[in-house]
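What you see is a predicted model, and the numbers here were worked out from it, not measured in a lab. Values reported hereafter were calculated over all heavy atoms of this structure, with side chains retained and with hydrogens, waters and symmetry mates removed.
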Amino acid sequence: MKRFILILFSLFLITAANAQVSAYWSYQQRDNGDGTIDLIFNADIEKTWYMYNADLIPNGPLPTTFEIKGNNGFVAVGKLRDNMKAKTKMDDAFGVEVKIFEERGSFVQTIRRTDAGSFKVEGILTFQTCNGSECLMDELDVVFNIPAGEVAEYTEEEMIPISAGDGESTSGGSDKGATEGLLVFLLIAFAAGLGGVFTPCVFPMIPMTVSFFIGGTGAKKAGIIKGLIFGLSVTLIYTMVGVVVALFQSTDATDFMGTHWIPNFLFAALFITFAISFLGAFEITLPTGLANKADAQADKGGYIASFFVAFAMVIVSFSCTGPFVGSILAAAVTGGLALKPILGMFAFGLAFSLPFVIFSFFPSLMKKMPKSGGWLNVVKVVFAFILIAFALKYLYTVDAYFGWGILNRAIFISIWIVIAILLGMYLLGKITTSHDSKVESVGVSRIIFAIASFAFAVYLIPGLFGAPLASLSGLLPPPDQSTMVISGSATGAASSATSTEPSTGLCSEAKYATAKNRAPHGLNSYYDIKEAIECAKEQNKPLLLSFKAVTCSACKVMEATVWSDPAVLDILQNKVVLVSLYVDDRTELPLEEQVTSVVDGKLKNTLGRKYRDYQLSRFGVASQPYYVLVDHNEQVLIKPIGESSLTEFLAFLNGGIEAFNRQL
């Protein structure tokens, strides 16, 4: 009967919120006989849905929690924890590994008696469920009636609250988007491994290495086995590098890597250093002692020697493969997936060793290989230009972190244009490095790549005059006041409307507005929810909460490819009150505006931390971009949306505005 009433009550609440039923709850209590009582929460989860466990993951989903009201007659021992084994999966919405329950979940909260009489334990059970395409967050009022019992005596040490255990986990599947993102990353890592083969440090060593495989007894079978051992060894060595990186990785670390200036500055310095080395200024090598020891072991021959040949190859080729490895690891540690460095290095090592293994199977193919020569140095110099271009991305993150505004969009694009032009001139032989051979004639391949380089430079030029350059929006700084706007464009029209008066269309000057966080396309925006609500009431419009980050590539892609559409711009400018909520804004809040999180109990003393906590606690989502249309009471008008297509985003905006108008 109790469960039936609970289900009816839950259905009433969910129907009122226009949501779906995703889980049904039942409750138990167990006296442990030592003065402690376990409060047990059992969830029957609907098929296709899953529920997050009790672990709090930074920048992750809303965990299942039980917030106790009062403590008359008892004290809580630790927090709500899992009461059964949870499954681990990669969550696409948050880009992190999470623990979930499918079909059935169970949680336990332990309390300790401080009174022998009967008492009630009242609290709010908060949980989030998802089905791969949508997520629901719900709260339930729960009451446990605890009968009278004995109070046990405890020493001071024994009264220390028990922390929630981690429990075992099993490997689970991944969402479609995460799988696709990981697949692209692995393909890039694999391509980088193949690219590493065609460098001056590696390519000339292929004949010598293969001759080791087929030497000695001369038996084809022995050569194949040696080649396989070599390939597996190279793959293993690079994979172990990924394992070392993964051991020091966490969700806090990935957030730090992606936004803090120190790792981004180090990545930029690494790329620039290798680029200068590739241009011929100096050579970067690992200690020669390692290579000498590996060579000594390889000279002993046999199958085991194949491993040391592989080890020597990895060491000797470091000066050329280092940038590839560094790029993959830099992308991996900011990707949110703990296994990403391991998988990336595995793919790199596999591709790097693949040509050697193939030649060990078919030695005759070596006769068709191109001869070593000056073209290898050309490959090296081309990589140098590419490394310098990508180093700017990390330098921009450093600039954005401090809010300097030095490396703005115009300067960034200008440098890329110069790099593309210089690369094209180099490919045509108009400029050379000290290590280049004299260019007597330009081959077809160099002409094709030179044309591509010059074409890329031409493609970038409109970006100096307000063009969104949508295909590169994830790499470039967002449009700002540094761009020279061409009148007549959609972006230009919006920008000109507000270039002289940033607060036009707003009810008052926007609090916390700076040049750094100005809304794109010249749109008017507030940066404080309370202030925006007052204006929304005055203008009788709904509010669009735009959760974003200065360093969020997906946010820039959305604003460049979707927000730039005239229909979207019209809605954002005239039919809603836009609220830009930067979750990485480090503006210190006055004491009266600081809040204590209901999720982790910590004080949120900056604007960004406050918005990040608001997004997580209010909507159960921590990823950006994230868009929510709410009314003047902050009630959600339509299902929130993240990164999406133009059609989906327009449907979201129009649906929310229609829901708001129906309230009038």
- Flag the pair Leu646 / Val568 as yes when at least one side-chain heavy-atom distance between them is below 4.5 Å, and no otherwise. yes
- Query: Roughly how far, to the nearest 0.5 Å, is the CG atom of Leu653 from the CG atom of Leu544?
  - Reply: 6.5 Å
- Message: Does Ser564 form a side chain to side chain contact (heavy atoms under 4.5 Å, CB included) with His521? I'd like the steps, not just the answer.
- Response: CA-CA 7 Å; Ser564 58; His521 310 301; 3.7 Å; yes
- Heavy-atom distance under 4.5 Å between the side chains of Gln615 and Leu581, does that happen here? no
- Contact check, side chains of Lys548 and Val583, non-hydrogen atoms, under 4.5 Å: no
- Is the shortest heavy-atom distance from the side chain of Tyr512 to the side chain of Leu589 under 4.5 Å? yes
- Can you find a heavy atom in the side chain of Val577 that is under 4.5 Å from one in the side chain of Tyr526? yes
- Message: Quick one: does any side-chain atom of Arg446 pair with a main-chain N or O of Tyr426 as donor and acceptor, under 3.5 Å?
- Response: yes
- Asn574: partners by side-chain hydrogen bond (donor to acceptor under 3.5 Å, both in side chains), with sequence neighbours left out: Asp570
- Message: Is there a side-chain contact between Leu629 and Val636 in this structure, where contact means two heavy atoms from C-beta onward sitting under 4.5 Å apart?
- Response: no
- Query: Taking the six-membered ring for Trp, are Tyr396 and Phe412 parallel (under 30°), tilted (30 to 60°) or perpendicular (over 60°)?
  - Reply: perpendicular
- Lys604 side, atom NZ; Thr596 side, atom OG1 - distance, nearest 0.5 Å: 9.5 Å
- Note on the structure: Distance col, row Ile413:CD1 vs Tyr459:OH, nearest 0.5 angstrom, shows 9.5 Å
- More than 12 heavy atoms of other residues, nucleotides or ligands under 6.0 Å from CZ of Phe449: is that the case? no
- Query: When rounded to the nearest 0.5 angstrom, what distance separates CG in Asp565 from CG in Leu650?
  - Reply: 6.0 Å
- Task: Flag the pair Glu593 and Lys511 as a salt bridge only when some basic side-chain nitrogen lies within less than 4.0 angstrom of an acidic carboxylate oxygen.
- Result: yes
- Just how far is it from atom CZ of Phe271 to atom CG of Leu266, taken to the nearest 0.5 Å? 12.0 Å
- List the atom of Ile421, the atom of Ala457, and the distance in Å for their closest heavy-atom pair. CG1-CB, 3.8 Å
- Query: Do Leu543 and His632 pass the side chain to side chain contact (heavy atoms under 4.5 Å, CB included) test, and can you show the C-alpha distance, the side-chain angles, and the key distance before you say yes or no?
  - Reply: CA-CA 8 Å; Leu543 291 86; His632 303 158; 4.1 Å; yes
- Query: Taking the six-membered ring for Trp, are Trp563 and Tyr627 ring centroids under 6.0 Å apart?
  - Reply: yes
- Under 3.5 Å, is there a donor-acceptor pair between the side chain of Asn633 and the main chain of Gln635? no
- Item | Nearest atoms (heavy-atom pairs only) where Pro542 meets Phe660 | CD-CD2, 3.6 Å
- Item | side chain to side chain contact (heavy atoms under 4.5 Å, CB included) between Phe265 and Tyr394, worked out | CA-CA 6 Å; Phe265 177 78; Tyr394 296 103; over 6 Å; no
- Task: Would you please indicate yes or no on a ring centroid separation below 6.0 angstrom for Phe649 and Phe652?
- Result: yes
- Query: Between Tyr52 and Leu62, which heavy-atom pair has the shortest distance, and what is it?
  - Reply: CB-O, 3.8 Å
- Task: Would you confirm whether Asn605, through its side chain, and Gln594, through its main-chain N or O, come within 3.5 Å as a donor-acceptor pair?
- Result: no
- Message: Would you say that more than 12 heavy atoms from the other residues, nucleotides or ligands in this model lie under 6.0 Å from the CZ of Arg609, or not?
- Response: no
- Apply side-chain hydrogen bond (donor to acceptor under 3.5 Å, both in side chains) to Lys430 and list each qualifying residue two or more places apart in sequence or on a separate chain. none
- Task: Search all heavy atoms of Gly424 against all heavy atoms of Ser453 and return the closest pair with its distance.
- Result: N-OG, 3.3 Å
- Message: Check Lys99 with Asp55, please: is the shortest side-chain N to carboxylate O separation under 4.0 Å?
- Response: yes
- Search all heavy atoms of Pro640 against all heavy atoms of Val628 and return the closest pair with its distance. CB-CG2, 3.9 Å
- Message: Go through it in stages, so that I can follow the logic: the residues are Thr587 and Thr606, the test is side chain to side chain contact (heavy atoms under 4.5 Å, CB included), and I'd like the CA-CA distance, side-chain angles, deciding distance and then a yes or no.
- Response: CA-CA 5 Å; Thr587 301; Thr606 67; over 6 Å; no
- Query: If you look at every heavy atom in Leu464 and Ser414, which pair is closest and at what distance?
  - Reply: CD2-OG, 3.5 Å
- Item | Residue pair Phe385 / Leu422, side-chain heavy-atom distance below 4.5 Å | yes
- For Phe456, look at atom CZ and say whether over 12 heavy atoms of other residues, nucleotides or ligands are found less than 6.0 Å away. yes
- Looking at side-chain heavy atoms only, is the closest gap between Leu569 and Ile571 below 4.5 Å? no
- Query: Rounded to the nearest 0.5 Å, what separation is found between the CG atom of Leu392 and the CD1 atom of Ile388?
  - Reply: 8.5 Å
- Message: Testing the 3.5 Å rule here: is there a donor-acceptor pair between the side chains of Ser525 and Ser580?
- Response: yes
